Amino acid sequence: MFINFWYPADQSTNITEQPLKLRMLGQDFVLWRDSKGQAHCLSNTCSHRGGSLGNGKVVDDCIQCPYHGWRYDGEGNCKAIPSLGPNPTIPSRTGVDAYPVVERYGMVFCFLGDLPEDER
């Protein structure tokens, strides 16, 4: 995979509040929109048991894994682990890879790389 490039993921109209599984450059991703209409792109693999986030649903602007209900925000941070009960301390290592997204020309583009924002 060539990293540090913007890649077209799909047409803007195809990205909704329903998770969309997508394979780009041999890697699996999930895209969805939050309640503000912002598109997000994450790795499609839950950090808990490797479940497909694309088979889950969007709850409170987060993508929820269909297996154990772990929720990830658009930045890849784990925001909920149901088995920990109310007011849990969520370990920082529970996140998943997140990718910057922009919409131009009716398309959603994802930046697959690790450059700082001012160098993309």
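Just so you know, these numbers come straight off a predicted model, no measurement behind them.
At a threshold of 4.5 Å between non-hydrogen side-chain atoms, the residues F29 and L42 do not count as touching. Using a 4.5 Å heavy-atom cutoff, the side chains of L20 and I15 are in contact. With a 4.5 Å cut-off on side-chain heavy atoms, Y72 and S47 count as touching. Within the 4.5 Å cutoff, the side chain of L25 has heavy atoms near those of the Y7 side chain. Counting heavy atoms from C-beta outward, R120 and W6 have side chains that approach closer than 4.5 Å. No side-chain heavy atom of Q64 sits less than 4.5 Å from a side-chain heavy atom of V58.
Distance alone, capped at 3.5 Å, is enough to place a donor-acceptor pair between the D73 side chain and the E75 backbone.
A distance of 10.5 Å separates OH in Y67 from CG in L53, rounded to the nearest 0.5 Å. The SG atom of C41 lies 11.0 Å from the CD1 atom of I63; values are rounded to the nearest 0.5 Å.
Scanning all heavy atoms of the two residues, the minimum distance from P19 to G56 falls at CG-O, 3.5 Å. When all heavy atoms of G51 and C65 are compared, the closest pair comes out as CA-SG, 4.4 Å.
Ring pair F5/F2 is perpendicular by interplanar angle, where above 60° counts as perpendicular and below 30° as parallel.
Using a 4.5 Å cut-off between side-chain heavy atoms of Ile, Leu, Val, Met, Phe, Trp and Tyr, with links allowed through other members, V96 and V30 fall into the same hydrophobic cluster.
Remark: R71 engages D60 in a salt bridge, criterion side-chain N to carboxylate O under 4.0 Å.
Among pairs with a residue in residues 34-45, those fulfilling side-chain hydrogen bond (donor to acceptor under 3.5 Å, both in side chains) read D34-H40, S35-D61, N44-S52, at least two apart in sequence or across chains.
Atom CD of E119 has more than 12 neighbouring heavy atoms from other residues, nucleotides or ligands inside a 6.0 Å radius.
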Expected list for residues 102-115: side-chain donor-acceptor pairs under 3.5 angstrom, two or more places apart:
unit_1	atom_1	unit_2	atom_2	d
E103	OE1	S12	OG	2.7
E103	OE1	R33	NH2	2.9
E103	OE2	R33	NH1	2.8
E103	OE2	R33	NH2	3.4

Donor-acceptor contacts, no H, no angles, side chain residues 78-87, under 3.5 Å, sequence neighbours left out:
none

